[in-house]
Amino acid sequence: AMLVGFAILIALAVRRGDLVNCACLGGDAHPLSWRDVLRNAAMATISLFAAASISELHGVNLDRLIAGGLAAIAFIFTVQFSRFTTLLRS
């Protein structure tokens with residue numbers, strides 16, 4: 001859920017043309033780009049498939065897992081959006 005939230009925030013920054021350096025995943029600092037959005041989206045997709053596999057093995061209801069993830073995304077987005085935009089403006 002956090003990866004999707006970060007992907008959304010990064011996409012907003014890239015779309016606006018904000019020049020924000022990122023040392024994402026411990027790498028060298030570089031300006032945010034669509035590549036960072038795609039990387040986070042790919043990792044979120046892989047995580048979803050892993051969660052689906054685990055839920056099948058352990059009998060966890062996948063609908064509840066997805067609903068929880070979406071709720072987490074909404075929470076992260078609302079709480080962090082103002083902090084992120086303040087960071088982008090500085």
Participant: Among Val20, Leu19, Leu9, Asp18, whose side chain to side chain contact (heavy atoms under 4.5 Å, CB included) with Leu32 holds?
Facilitator: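 Passing option: Val20.
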Participant: Do any N or O atoms from the side chain of Asn40 and from the backbone of Val37 form a donor-acceptor pair under 3.5 angstrom?
Facilitator: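 A pair under 3.5 Å: no.
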Participant: Could you give the distance from CG (Leu12) to CZ (Arg15), rounded to the nearest 0.5 Å?
Facilitator: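 Between atom CG of Leu12 and atom CZ of Arg15 there are 7.0 Å.
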Participant: Side chains of residues 41-50: which donor-acceptor partners sit under 3.5 Å, not counting sequence neighbours?
Facilitator:
from, atom 1, to, atom 2, distance (Å)
Thr45, OG1, Ala41, O, 2.9
Ser47, OG, Met43, O, 2.9

